[in-house]
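Worksheet for the structure shown next.
Bear in mind the structure is a predicted one, so any value in this text is a computation, not a measurement. The chains referred to below are lettered A, B, ... by the order of the sequence lines, with proteins before strands, and numbering in each begins at 1.
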Number of protein chains: 2
Amino acid sequence: MPTKSKKAKNIRIAAIGGLGEIGKNMYCVEYDDKIVVIDCGIKFPEDDLLGIDYVISDYQYVIKNRDKIQGLVITHGHEDHIGGIPFLLRQLSGINIYAGPLALALIRSKLEENGLTRDCNLIEIDEDSDLDFGEISVTFFRTTHSIPDTLGVAVHTPVGVVVQTGDYKFDLTPVDGQPAPNLQRMAKLGDEGVLLLMSDSTNAEVPTFTKSERFVGKSIRNIMESIKGRIIFASFASNISRIKQASDVAIENGRKIAVFGRSMEAAIKNGVELGYLDYPKGTLVDPKDVNNIPPEEMMILCTGSQGEPMAALSRIANGTHKQISIVPGDTVIFSSSPIPGNTMSVNHVINGLEEAGAEVIHGKVNNVHTSGHGGQEEQKLMLRLIKPKFFMPIHGEYRMLKIHTELAQLCDVPKENCFIMENGDVLELNQEEAKVVDHFPASDVFVDGNGIGDIGNAVIHERQLLSEDGLVAACATVKMKTGQILSGPDILSRGFIYMRESGELINQAQKQVYHAIKMCFRSSGRVTESMINDAIVDTLQDYLYEKTERKPIIIPMIISV
Amino acid sequence: MPTKSKKAKNIRIAAIGGLGEIGKNMYCVEYDDKIVVIDCGIKFPEDDLLGIDYVISDYQYVIKNRDKIQGLVITHGHEDHIGGIPFLLRQLSGINIYAGPLALALIRSKLEENGLTRDCNLIEIDEDSDLDFGEISVTFFRTTHSIPDTLGVAVHTPVGVVVQTGDYKFDLTPVDGQPAPNLQRMAKLGDEGVLLLMSDSTNAEVPTFTKSERFVGKSIRNIMESIKGRIIFASFASNISRIKQASDVAIENGRKIAVFGRSMEAAIKNGVELGYLDYPKGTLVDPKDVNNIPPEEMMILCTGSQGEPMAALSRIANGTHKQISIVPGDTVIFSSSPIPGNTMSVNHVINGLEEAGAEVIHGKVNNVHTSGHGGQEEQKLMLRLIKPKFFMPIHGEYRMLKIHTELAQLCDVPKENCFIMENGDVLELNQEEAKVVDHFPASDVFVDGNGIGDIGNAVIHERQLLSEDGLVAACATVKMKTGQILSGPDILSRGFIYMRESGELINQAQKQVYHAIKMCFRSSGRVTESMINDAIVDTLQDYLYEKTERKPIIIPMIISV
């Protein structure tokens, strides 16, 4: 009896976000009529995205394929992996979201804040879960990172297995109570054959093996035990292991702990509920009691280790915090490294703290921080464990992806089997071959306050110009029929020049505008408002550039009557 | 039908050598009436073992149990793992020796030199071999180290599996053509359950992940390509990867290669025969032609990177080498780190080379060396892959073994399941428990020239005294019946004092000896030679100490007539 031959289909892989950048991770694994989406993160804006709160992905590929989506699988609870969920749900409700306990708790808080809890089903998973979506299924393996409960994902299809690592390092001695990476399960996947590995590239430029969180704990202990006065401990709120280690030492040394910063409060609440953190009765004190407790018995846990201007630590540094002022004898520990774009802000906060009299301990030199991402040795270890046929570096800027493919080649993945892709590229693959076959729109979407996507690159460009040379507005009331100027022109400027000290420049500018309006009516029969606007912009831009070599944004405001 | 219950037997583990030291590795895994011996190495003597060529183990435990021995399994071809074989075979011939291709070739050379080829069966294995000894069997897994063809060993018994790692690092990007460690096989052993892990402790004090041999290759390339003159490249002869990397760069840069040093010649011969090395025709030149080739086209490969006084490099440094004298423009690369006891000798050679006008590049700062042993991260990785119930650190001095057990505890092996043992201790274990139950003699045996074991600690102590204060001999011919001194006493000294400049001291010493002999005959009826000897020693010792505060060895030489 001949078996019914069915042509094997290809797997399609696409990044909605996460390639060529650190942030907004979101990947699709597609087989036949089924798509598994992995993660849905935001990106924090870089310094040149003025006024933008978050950057999210363009979700149109997912929305267009909404019928294929089997679920959104979350690797861990960091913002660059879950932060986009509320924005996604506003465009695509009713999906199943699968996540480990901590990530699930963080997603739930987020959805409650946004009134979106009814727009999806939250389903708790662990590394032993096996999601059965018919022809494809999803299994997991435990990894380690700078937040508990991190999972790598394996999507099993009839054509082969796709492994996506999530964010990882190989922390072989994680902090008490947290399990080590499941090497056996990774090796078994490798043994059975993996078609494609998609692996975290963040530290592809770092040629070492990242230090264990436990190693940092030792340094934190040594440093904290030698401090006599008050301790202010700043770290990422999500780094629960770090918070645990600092808290344990503080409690052992007879200190009380006060928590400042909304995200730190939330993290500790979640951490305690899920059993990652444990504060014996009386060790957590109300922030308003901070100043009634002797400094040597006090540790303050707070956010702001990245120099965020509104976070607790920045306000402490610039003296605008309600409860805490720095007094000599205070020691501030930055248990973090500045993300590259934040170096200046962090330095600013450090300067402020030191000027106010605090001792500041920060950076890798003091061993009070270690990365959550594996260095080259760990990326190679992942490659050797998984032994993929094809390789696609994810989670990184271009140069990181590039180095990561070089590592893959050293680990016996042929060069032609390595794919450095861009967001929106579609990689199609089967047992024999893989190639990029398609591209869909996947540009950044800016979130400014409550507006999603109503800010485009043009707006950002204007904000950049404003931030550089300010603006000059010219107002006039013009009778359109006759060309008579009923009032004005008046010149206003912001961020361009001090008007009081530049009376002559302003006078001359007024005259230029006056003549520009008059010229419009002289040279043309039918004058429109926009013609006048253009004339004002051209005239003023040339004039002001000639006089000041600056290019403020010119805003003509014609009231036509 | 009741099954016949048979009481499960215990596994017995013993180190003949390798614990509390770096060297003479030799371990026994015993079950019922069967013993598998793993490795049989020598130890290089430390500086205080004057005149000793090698140190080997006391083989009496193995000899006593000769009927149980199923075979000697070799992990790799370094001297501290195979060097003892000729000495063992002289006491225990006819055994089967199992080793990978390179180790087997090195053993064969060794046996041919000693005329011992008929005293054993050499059997080639690879990582897929499965040695079946009835109730027990032995399988292997590929590891990486500073010599090709390294294997870890798993001994399977009815009570459980014992894994012995051999020497290893996790070189995930080994030099071209050599395979990476078989992580899958290690993980599988761990998954199926390992009772005891015996793991290499050499770098337990190093908190990192050891750099890949390939990384060193890059540095060597950069350095060699920038050198204009002659290159003298010194490394361990056994480090074939290193030799390959240096040779490849030399050949690419149009250099010829000359080889100096007997072990380097042998290594290259073996390496070429087994396919690890490849020298295109005309690239290897006869050592006697070295001075006819322009310096910029010449690389000399030689031994002596440890400052060994008789090796090629030492003779080059002190100007006693027949073919090679240092000329300005020469660059010497030490692609090695001094073994702790050799630091002084190495510095001595470096000084000599620099005084003669050579540029010397050495040490880790130049990245021209990396260890063959894994650091803490790799030791933890092995522990996490193998997941043993019991742990026994091997291959290390006490402090290394101790740190290694601490690492094991961080990797979830309970403290009471970790055993720091000594050579000769016997660990007995089963699924439930393990304890040290026995001890057999396993002290060092010194090999001096061709003598084995005829040198004991007393001899070494004498050599130490000689090396510190020299010797003084007193000769006299004495007529025993009468006590008449027919000639002498004469005083001779070596390494004690310049006799010409100490005439008075020597004269007085002669008189002291004269009186001592006379006193023997005055005070006693029956005078023996040994009484005279004792009297001379006592007298001279006291006298010389009083005058010089030194304690030379006193050698009385009485010719009795």
Reference residue B/Leu172; test side chain to side chain contact (heavy atoms under 4.5 Å, CB included); the match among A/Met382, A/Arg384, A/Gln379: A/Arg384

Give the minimum heavy-atom separation between A/Asp191 and B/Lys188, together with the two atoms involved. OD2-CD, 4.4 Å

Ranking B/Cys411, B/Ala187, B/Pro207, B/Pro181 by heavy-atom pairs under 4.5 Å to chain A gives rank one to B/Ala187

Top contributor to chain B interface from A/Arg185, A/Met186, A/Lys387 [non-hydrogen pairs under 4.5 Å]: A/Lys387

Closest approach of A/Gln184 to B/Gly190 (non-hydrogen atoms, all atoms of both residues): NE2-CA, 4.3 Å

For residues A/Leu381 and B/Leu183, determine if any side-chain heavy atom of one lies less than 4.5 Å from a side-chain heavy atom of the other. yes

Could you measure the distance from the CD atom of B/Gln376 to the CZ atom of A/Phe209? Nearest 0.5 Å is fine. 11.5 Å

Residue part contacting chain A, namely of B/Thr173, when any heavy atom lies under 4.5 Å: both

Between A/Ser212 and B/Lys380, what is the shortest heavy-atom contact and its length? CB-NZ, 4.1 Å

